[in-house]
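Down below is the structure, laid out as C-alpha cells.
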Amino acid sequence: INLRGPRGVITSPNYPVQYENNAHCVWVITAMDSGKVSSLLFIFYYPFISQGKSITVTASQETITALVIKLAFEEFDLERGYDTLTVGDGGKIGDTRRVLYVLTGSSVPDLIVSLSSQMWLHLQSDDTIGSQGFKAVYEEIDRGGCGDPGVPAFGRRNGDRFLHGDVLTFSCQSAFELVGERSITCQHNNQWSGNKPSCVCKSAQHLFLFLFILYSFSVLFFLFLHYGVSLTFSLAFPLSLLLFF
C-alpha cells in the first residue's frame, strides 16, 4: 500500500480483529513533497537626511526544508517472537541496511522518525497463533528533529523543543516513581537516545489512597454545587490524607 499526505492512520489487516496467518503486508509512506519552500522577506531602509530623501529596498529568499516521516503507535500486539513488523527508512523494501526497528510482542513502541522522506513497514506473521495487530499514526515533520515523544501519565516534562541536540527531562507526581531514563537527547539519526519513561505507583497502598482522595474531592465538589456544603469543613478530611504521601 502506498501512502502519501501530511498525516494518516495505518492499521494491520482486520484491526481490531485478529490479523490472518501467513500475512505479508507492506506499507510505503512518502512525504507529499520532498521539501517545502518557505520565503523570507528582507527590508532595507537607507535614509538620506541631508537630501530629505530615503530609499527602501526589499529582497526575498526562498529556503527548502526537507520533510521526514514520524510514526507513533497507539496500539500494538503481535505474537511475540513469531510475528514481526519491520520498519525501514527509504531504499529498497526489505533491505536490512535500511531497517530501523524490528518490532514484536505487546509493548507499544516509542516514537519512530525516518531519516529520509520515505518510510516502509513490513508485517509478517507465521502459520499459527495471531493477535490483535497494531494501529499507528504517521505525520510529516521537518528534518532535523526527533518529534514529540509525549509526556508520561502522572508525569511532567521539562523541555518543549525536539531538534537535534535538545534534551528533555522527566519527573513524576507525588506517590509515583520514574521508571526509565530521566533525560533523553535528540540524536542526529532522528531518534531519541532513550525511550519515554513511565511513572508507576510506589505501592498499591499509595495507589488506593490516591484514587480515594480523587474520589473524595469529586464527591465533595458535587455536594458543594448542589447542596451548598461548606468546603472548608468538607475538605479537611481528604486534605489530611495527603500527609500520608
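A donor-acceptor pair under 3.5 Å links the side-chain atoms of N190 to the main chain of S114, judged by distance alone. For the pair R157 (side chain) and F170 (backbone), a donor-acceptor distance under 3.5 Å is absent. The backbone N or O of D83 lies less than 3.5 Å from a partner atom in the side chain of T104, making a donor-acceptor pair. At distances below 3.5 Å, not a single donor-acceptor pair connects side-chain atoms of W120 with backbone N or O atoms of I29. At least one donor-acceptor pair closer than 3.5 Å links the side chain of S125 to the backbone N or O of N22. Of the possible donor and acceptor atoms, none in the side chain of D95 sits under 3.5 Å from a partner among the backbone N and O of K92. Not one N or O on the side chain of D127 forms a donor-acceptor pair closer than 3.5 Å with the backbone of N21. A donor-acceptor pair is defined here as one N or O able to donate and one able to accept, closer than 3.5 Å; no such pair exists between the side chain of N195 and the backbone of G180. Within the 3.5 Å criterion, the main-chain N or O of Q118 finds a donor-acceptor partner in the side chain of S116. A donor-acceptor pair under 3.5 Å is absent between the side-chain atoms of S183 and the main chain of T169, judged by distance alone.
Note that OH of Y15 and CZ of F134 are 10.0 Å apart. Values are rounded to the nearest 0.5 Å. Here CG of L163 is found 10.5 Å from NE2 of H188. Values are rounded to the nearest 0.5 Å. Taken to the nearest 0.5 Å, the OG atom of S12 stands 9.0 Å off from the CG atom of L85. Expressed to the nearest 0.5 Å, how far OG of S106 lies from CD of E79 amounts to 12.0 Å.
In this structure Q191 satisfies the side chain to side chain contact (heavy atoms under 4.5 Å, CB included) test together with Y101, I112, V113, Q187, N189, sequence neighbours excluded. Partners of E20 according to the salt bridge (Lys or Arg N to Asp or Glu O under 4.0 Å) rule, which considers only residues two or more places apart in sequence or in another chain, do not exist here.
Between S131 and L78 the shortest heavy-atom distance is OG-C, 3.7 Å.
Counting non-hydrogen atoms of other residues, nucleotides and ligands closer than 6.0 Å to CZ of R182 gives a total of 12 or fewer.
In this structure, L121 and L71 have side chains that are in contact, with non-hydrogen atoms separated by less than 4.5 Å.
V200 belongs to a hydrophobic cluster whose other members, connected by ILVMFWY side-chain contacts under 4.5 Å either directly or through intermediates, are V179.
The pair D89-R98 meets the salt-bridge criterion, since a charged nitrogen lies less than 4.0 angstrom from a carboxylate oxygen.
Below 30°, between 30° and 60°, or above 60°: for W192 and F162 the angle between ring planes is above 60°, a perpendicular geometry.
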